[in-house]
Participant: 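Dropping a structure here in structure tokens format, bear with me for questions.
Quick note: numbers below take in every heavy atom, side chains included, and nothing from hydrogens, waters or symmetry partners. Numbers here simply count residues along the sequence, with the first being 1.
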Amino acid sequence: MDFYDKFIRSVLDFPIKGINFRDITPLLADGDAFHQVIMDLNKELPSYDKYDKFIAAESRGFIFASPLASMNNKGLVLARKANKLPLVGYRATYKLEYGEATIEIPKDAIKPGDRVIIMDDLIATGGSAKAMVDLVKSAGGIPVMGLFLIELRSLQGYKQLGIPVVSIVSYGLHEGDYLQLQDTKQQIGKFVKKVNETDIEVEYDDKSTEIINKSKIVNIIQYEKNGRITYIRYRD
């Protein structure tokens with residue numbers, strides 16, 4: 001079993017029916033596992049001279065950004081829920097499935113020109129992460145990248161941010177993902193659409209398509225602009 005599969009628990013129908021909740025509390029409760037995830041996140045950071053601070057969303061973002069900021073001698077900006085701060089510098093409002101939410105940062109926490117890493121435990125639709133990007137820009141800072149433990153790929157939240165996004169653990173697929181496959185017509189195919197809970201449609205280089213079971217997916221293949229190819233473990 002993969003390390004993250006062991007320590008991130010999936011809870012069906014929480015907080016509402018139809019949601020598959022990714023529970024990180026087993027990972028946090030194990031000292032060795034928590035240390036490992038911090039080390040894995042740290043590997044994804046730019047070089048020391050390329051950024052100045054982290055901004056983290058309340059509340060689980062604080063858990064991961066705090067040790068990273070400390071071990072790298074960087075500042076930490078807390079993006080808090082509305083009415084939690086005595087001196088508010090900037091605020092941003094974003095949409096939820098039902099309604100809106102507002103986050104705020106302390107006065108003078110980000111200086112003009114500060115290069116800031118956006119951080120949270122999970123990126124889904126990207127609403128709260130985009131709000132942090134907006135807060136950084138409002139303060140005159142420069143968003144450098146988004147760093148997340150978990151990404152729900154089907155929601156394509158990364159598209160909201162306009163900056164590079166890195167996640168350690170990905171779940172699901174989004175349209176256009178290239179896939180490494182086994183026991184199929186070809187070994188590489190592009191995800192077209194979900195057919196049902198177990199099957200998907202893929203398209204090959206010759207434009208032919210095939211309906212395959214998700215169990216035949218080995219990895220997601222990420223082609224980067226610099227020519228680098230990254231293989232991302234597929235998790236459903």
Side-chain angles (χ1 to χ4, degrees), residues 22 24 28 34 37-153 155-170 224-226:
R22 309 301 179 175
I24 62 171
L28 300 176
F34 188 27
V37 72
I38 296 302
M39 293 300 101
D40 287 349
L41 288 165
N42 191 60
K43 292 175 187 175
E44 301 298 336
L45 294 175
S47 60
Y48 181 83
D49 61 337
K50 299 297 184 184
Y51 70 105
D52 303 297
K53 293 177 179 177
F54 294 86
I55 183 173
E58 188 170 359
S59 58
R60 290 189 296 269
F62 299 172
I63 296 170
F64 301 102
S66 296
L68 287 173
S70 177
M71 68 191 293
N72 290 286
N73 295 335
K74 300 296 185 179
L76 174 61
V77 179
L78 305 181
R80 300 219 59 189
K81 296 175 182 177
N83 304 314
K84 297 290 187 179
L85 295 171
L87 296 173
V88 176
Y90 299 90
R91 61 175 53 90
T93 299
Y94 60 97
K95 291 183 179 181
L96 300 170
E97 187 175 1
Y98 303 104
E100 294 181 332
T102 298
I103 55 175
E104 302 171 336
I105 58 173
K107 183 179 179 180
D108 301 325
I110 296 175
K111 309 292 186 186
D114 277 348
R115 297 160 299 178
V116 186
I117 292 176
I118 313 299
M119 188 152 199
D120 206 348
D121 69 316
L122 181 145
I123 181 168
T125 61
S128 59
K130 176 59 164 58
M132 287 191 284
V133 169
D134 292 342
L135 287 170
V136 171
K137 291 180 176 179
S138 295
I142 303 166
V144 173
M145 67 177 289
L147 180 59
F148 306 91
L149 171 59
I150 297 171
E151 178 183 359
L152 306 183
R153 291 184 67 83
L155 299 177
Q156 302 186 57
Y158 72 95
K159 290 184 175 180
Q160 302 289 329
L161 308 194
I163 55 176
V165 171
V166 175
S167 56
I168 303 299
V169 182
S170 297
E224 300 181 20
K225 291 181 179 180
N226 61 7

Participant: With sequence neighbours left out, write down each residue that passes side chain to side chain donor-acceptor pair (under 3.5 Å) with Asp108, or none if nothing qualifies.
Facilitator: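 Here no residue qualifies.
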Participant: Say you draw a straight line from CD of Glu104 to OH of Tyr90; how long is it, rounded to the nearest 0.5 Å?
Facilitator: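 Reported value, rounded in 0.5 Å steps: 13.5 Å.
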Participant: The criterion is side chain to side chain donor-acceptor pair (under 3.5 Å); which residues satisfy it with Lys107, sequence neighbours excluded?
Facilitator: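 Lys107 satisfies side chain to side chain donor-acceptor pair (under 3.5 Å) with no residue once adjacent residues are dropped.
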Participant: Between Arg22 and Val169, is there a side-chain heavy-atom distance shorter than 4.5 Å?
Facilitator: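 Heavy-atom side-chain distance check fails, nothing below 4.5 Å.
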Participant: Going by the rule side chain to side chain donor-acceptor pair (under 3.5 Å), which residues pair with Thr93 if we only count those two or more places apart in sequence or in a different chain?
Facilitator: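 Thr93: side chain to side chain donor-acceptor pair (under 3.5 Å) contacts with Thr102.
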Participant: Rounded at 0.5 Å granularity, tell me how far CZ in Phe54 sits from CD1 in Ile117.
Facilitator: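 If I round to the nearest 0.5 Å, the distance is 4.5 Å.
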Participant: Enumerate donor-acceptor pairs with a distance under 3.5 Å from any side-chain N or O in residues 66-74 to protein atoms, sequence neighbours excluded.
Facilitator:
from  : atom 1 : to    : atom 2 : distance (Å)
Ser66 : OG     : Phe62 : O      : 2.7
Asn72 : ND2    : Asn42 : OD1    : 2.9
Asn72 : ND2    : Leu68 : O      : 2.8
Lys74 : NZ     : Tyr48 : O      : 2.7
Lys74 : NZ     : Tyr51 : O      : 2.7

Participant: Quick one: CG on Leu85 to CZ on Arg91, what's the gap to the nearest 0.5 Å?
Facilitator: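 These two atoms lie 9.5 Å from each other.
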Participant: If a pair satisfies salt bridge (Lys or Arg N to Asp or Glu O under 4.0 Å) and one of its residues is in residues 155-169, list it, with sequence neighbours excluded.
Facilitator: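 For residues 155-169: none.
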Participant: With sequence neighbours excluded, what pairs up with Glu44 under the side chain to side chain donor-acceptor pair (under 3.5 Å) test?
Facilitator: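 If we apply the side chain to side chain donor-acceptor pair (under 3.5 Å) test to Glu44, skipping adjacent residues, there are no hits.
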Participant: Tell me the side chain to side chain donor-acceptor pair (under 3.5 Å) pairs involving residues 112-125, sequence neighbours left out?
Facilitator: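 Output for this query lists Asp52-Arg115, Lys53-Asp114, Arg60-Asp121.
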Participant: How many angstroms lie between CD1 in Ile55 and CD1 in Ile103, if you round to the nearest 0.5 Å?
Facilitator: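 Ile55 CD1 to Ile103 CD1: 6.5 Å, rounded to 0.5 Å.
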Participant: Distance from Phe148 atom CZ to Leu122 atom CG, nearest 0.5 Å?
Facilitator: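 Going from the CZ atom of Phe148 to the CG atom of Leu122 covers 8.5 Å.
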Participant: Considering residues at least two apart in sequence or located in another chain, which fulfil the salt bridge (charged side-chain N to carboxylate O under 4.0 Å, His left out) criterion with Glu151?
Facilitator: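 Testing Glu151 for salt bridge (charged side-chain N to carboxylate O under 4.0 Å, His left out), a comparison that skips the adjacent residues, returns none.
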Participant: With Glu58, which residues qualify under salt bridge (charged side-chain N to carboxylate O under 4.0 Å, His left out), at least two apart?
Facilitator: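 For Glu58 the salt bridge (charged side-chain N to carboxylate O under 4.0 Å, His left out) partners, ignoring immediate neighbours, are Arg80.
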Participant: Could you pull out the closest heavy-atom pair between Pro143 and Ile163, with the gap in Å?
Facilitator: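 Distance-wise, the nearest heavy atoms are O-CG2, 3.7 Å.
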Participant: Using side chain to side chain contact (heavy atoms under 4.5 Å, CB included) as the criterion, point out the one residue from Val136, Leu78, Val77 that pairs with Ile105.
Facilitator: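 Of the listed residues Val136, Leu78, Val77, the side chain to side chain contact (heavy atoms under 4.5 Å, CB included) partner of Ile105 is Val77.
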Participant: Got a list of side-chain donor-acceptor pairs under 3.5 Å for residues 128-135, not counting sequence neighbours?
Facilitator:
from   : atom 1 : to     : atom 2 : distance (Å)
Lys130 : NZ     : Asp134 : OD1    : 2.9
Lys130 : NZ     : Asp134 : OD2    : 3.1

Participant: For the CD1 atom of Ile123 and the CD1 atom of Ile150, what is their distance to the nearest 0.5 Å?
Facilitator: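 It comes to 12.0 Å.
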Participant: Is there side-chain contact between Leu28 and Phe64, with at least one heavy-atom pair below 4.5 Å?
Facilitator: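 Touching, per the 4.5 Å side-chain cut-off.
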Participant: May I ask you to check whether over 12 heavy atoms, not counting those of Asn83, lie within 6.0 Å of atom CG?
Facilitator: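 Not more than 12 within 6.0 Å, no.
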Participant: The criterion is salt bridge (charged side-chain N to carboxylate O under 4.0 Å, His left out); which residues satisfy it with Arg153, sequence neighbours excluded?
Facilitator: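 By the salt bridge (charged side-chain N to carboxylate O under 4.0 Å, His left out) rule, Arg153 matches Asp177.
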Participant: Of all heavy-atom pairs between Leu96 and Ala101, which one has the smallest distance, and what is that distance?
Facilitator: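 Closest approach of Leu96 to Ala101: CD1-CB, 3.8 Å.
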Participant: For Leu161 versus Gly126, what's the shortest heavy-atom pair and its separation?
Facilitator: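 Closest pair (atom of Leu161, atom of Gly126, distance): CD2-O, 4.0 Å.
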